[in-house]
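Read through the structure below, which is laid out as structure tokens, and then see the notes.
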Amino acid sequence: MSANNNNTSTLKSYVDSAAGAVQNVVGSVIGSNVDETEGRAKQQKAHAEYDASHSAVKVPGATVSSNAVTRDDPNRSNGSWNQTAGSAKEFVGGVIGNESLKQTGREQNRAGQEQEARGQVKDFTSGVGDRASGAVGSAVAGLTGDRVKQAEYQDMHDAGKTQQRGAEHDIRKQEEARRGY
């Protein structure tokens, strides 16, 4: 994937946005409509790059981005299942008046939330680690001219980024639900 020059990067989007802003201002100062227009176009492209670098789609058990597909830690889906089963038991226990079933459901739901959170933390930290290792490894391989290793490290970086974005997505979604958004 390192051969893909369309690889999105948050850092690249910041640099391109700054370059576009400078070109836009210079064009404005010297009266060049062409430079102003090109500067604005660079800024718009940079904003699109930024959005693309943060995009990931969650599917059951995995996260998909433009650069990689990663599997979720099993604790995430198992925890989610335990939450659903626990909520169902709690509901049924409430409907039929069975306090024991209701309490068992509450405990299973809470245990599922904790289990899912452990999986999210593992995926997030693993993703950050893979991104960092991949970025450093790719840079070193690039300096030494080893294109094969550079591509391998770039793939590691991309998979780490996708895994991190998937965990961030779920954590953000849970926070929004907790706040009632």
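Taking both residues in full, the closest heavy atoms of Ser133 and Tyr153 are given as O-CD2, 3.9 Å, listed atom of the first, atom of the second, then distance. Nearest heavy-atom pair across Ala68 and Ala159 is CB-CA, 3.8 Å.
Side-chain polar atoms of Gln154 and Gln150 form no donor-acceptor pair below 3.5 angstrom. Side-chain contact of Glu107 with Gln103: a donor-acceptor pair under 3.5 Å is present, judged by distance alone. Between the side chains of Arg110 and Gln113, no donor-acceptor pair of N or O atoms lies under 3.5 Å.
At distances below 3.5 Å, not a single donor-acceptor pair connects side-chain atoms of Ser32 with backbone N or O atoms of Ser28. Between the side chain of Ser138 and the backbone N or O of Ala135 there is no donor-acceptor pair closer than 3.5 Å. Under the 3.5 Å distance criterion, the side-chain polar atoms of Asp123 are matched with a main-chain donor or acceptor of Asp73.
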For a side chain to side chain contact (heavy atoms under 4.5 Å, CB included) check, start with the C-alpha distance between Asn109 and Asn82, then their side-chain angles and the critical distance, and finish with the verdict. CA-CA 6 Å; Asn109 188 336; Asn82 280 323; over 6 Å; no
Working for side chain to side chain contact (heavy atoms under 4.5 Å, CB included), residues Gln163 and Ser126: CA-CA 8 Å; Gln163 192 171 31; Ser126 175; 3.5 Å; yes
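Residues passing the side chain to side chain contact (heavy atoms under 4.5 Å, CB included) test with Asp170 are Lys58, Arg76, Gln120, Lys173, sequence neighbours excluded.
Counting heavy atoms from C-beta outward, Leu101 and Val92 have side chains that approach closer than 4.5 Å. For the pair Thr63/Asp72, a side-chain contact is recorded, criterion being any heavy-atom separation below 4.5 Å from C-beta on.
Atom NE2 of His169 and atom OG1 of Thr162 lie 13.5 Å apart (nearest 0.5 Å).
The local environment of CZ in Arg118 is crowded, with over 12 non-hydrogen atoms from other residues, nucleotides or ligands closer than 6.0 Å.
In this structure, Arg179 pairs ionically with Glu175, as a charged nitrogen and a carboxylate oxygen lie closer than 4.0 Å.
Within the structure, every pair that satisfies the salt bridge (Lys or Arg N to Asp or Glu O under 4.0 Å) test and touches residues 24-38, not counting sequence neighbours, is listed here: Glu36-Arg40. Residue pairs meeting the salt bridge (Lys or Arg N to Asp or Glu O under 4.0 Å) criterion with at least one partner in residues 80-95, sequence neighbours excluded, are Glu90-Arg106.
Asn75 pairs in a side-chain hydrogen bond (donor to acceptor under 3.5 Å, both in side chains) with only one of the listed residues (Lys122, Glu116, Gln115), which is Gln115.
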